[in-house]
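Have a look at the structure below before the remarks.
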Amino acid sequence: MIFDLVTIFPDFFTSILEQGILKRALAGGQVEIRIHDLRDFTDDVHRTVDDRPFGGGPGMVFKPEPVFRAVEALRAESPQASFPVILLSPQGRLLRQPVAEELARETRVVLICGRYEGVDQRVAEHLATEELSIGDYVLSGGEIAAAVVMEAVARLLPGVLGNEESRVEESFAPVAVVYDCRPDFDHHGRDGFGASETASPASDLIQSGQHGLLDFPQYTRPAEFRGYKVPEVLLSGNHAEIRRWRRRAALEKTWRKRPDLLAKVPLSGEDRRTLEEIKVSAFQPVAS
Ligand code: SAH
């Protein structure tokens with residue numbers, strides 16, 4: 001998948017492309033990132049990309065011409081193809097996991113990074129295919145937002161994550177996730193973490209996925225740290241018990257922290273009973 005970044009700070013991306021998931025995706029060829037300096041699409045000697053807002057007010061606004069030229073040059077490279085041209089903006093559609101999944105199905109995505117007071121409205125209306133926000137707050141530029149989008153999308157591409165299955169179980173994981181079901185799956189390739197000494201068939205993974213809930217709490221060694229103990233069940237090696245505990249923990253965490261998510265998750269009868277128990281025990285007076 002190709003990300004075309006349009007920015008006035010091309011060097012901004014250097015460090016994030018040199019480590020972690022984006023580095024891996026670049027090295028593996030799943031992702032190609034092309035950085036386009038918006039100033040290369042100006043036509044004056046000062047390479048001007050901004051101007052004062054009509055109607056007055058503070059700050060500067062990106063002029064439409066360089067942004068249009070930049071995107072049109074990209075479109076001209078593959079005139080038959082249609083691909084999303086995204087203007088990063090706090091006014092856009094909120095980036096959530098399903099949006100990342102939608103973008104992961106594209107072969108090319110253009111990300112326009114604004115700065116200053118933003119970008120001339122004609123870019124949003126007549127050039128971009130959509131505006132995308134990474135959250136309800138205002139950043140000083142679209143570069144960090146573009147990096148967030150790339151990271152969220154790149155890790156969904158087949159072959160980018162080391163353990164495909166880790167996606168199945170994490171927060172917001174959808175019901176249908178493409179994953180690799182190696183029969184000898186073990187979270188860490190090591191024993192003793194209750195993950196699987198025995199073979200874990202694909203159906204197990206699907207059932208243990210948290211589908212739209214927050215992830216269950218994760219622990220690693222040591223089993224006791226400064227008196228804080230890892231829940232006993234996780235050390236038990238009893239996979240059915242572990243799965244039940246994790247599901248319950250994911251339900252409880254989501255109910256406490258993000259009840260809005262619960263409304264959208266398909267819950268089984270057992271889930272509903274568990275949730276009732278959680279609610280009842282939450283309102284139980286604490287025994288003295
Ligand atoms: N005046 C604008 C904010 C401009 S911030 C407004 O109030 O809506 C400058 C640039 O930072 C924007 O053009 C956009 O590209 C980027 N940006 C800021 N906050 C963002 C967010 N939450 N999500 C995505 N991009 C953001």
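Both counts, for ligands and for their atoms, begin at 1 and track the order of listing. Values in this document were obtained by computation on a predicted structure and should not be read as measured data. In this chain, numbering begins with 1 at the start of the sequence shown.
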Margin query: Nearest 0.5 Å, please: how far is CG in L251 from CD in E276?
Written below: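 If I round to the nearest 0.5 Å, the distance is 11.5 Å.
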
Check: How many angstroms lie between atom CZ of F9 and atom CD1 of I144, to the nearest 0.5 angstrom?
Finding: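 It is 11.5 Å, given to the nearest 0.5 Å.
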
Checklist line | Within the protein, residues bringing a heavy atom under 4.0 Å of ligand 1, chain by chain | finding: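 Contacting ligand 1 under 4.0 Å are L88, S89, P90, Q91, G114, R115, Y116, E117, G118, L132, S133, I134, G135, Y137, V138, L139, S140, G141, G142, A145.
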
Next item on the list: Please work out whether the ring planes of F62 and Y116 are parallel, tilted or perpendicular, with thresholds of 30° and 60°.
Entry: perpendicular

Next item on the list: Give a yes or no answer on whether the side chain of S78 reaches the backbone of Q80 with a donor-acceptor pair at less than 3.5 Å.
Entry: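 Answer holds: no.
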
Margin query: Going by salt bridge (Lys or Arg N to Asp or Glu O under 4.0 Å), name the residues that satisfy it together with D50, two or more places apart in sequence or in a different chain.
Written below: none

Next item on the list: Assess R69 against F41: is NZ or CZ under 6.0 Å from the centre of the six-membered ring, and within 45 degrees of the ring's axis?
Entry: no

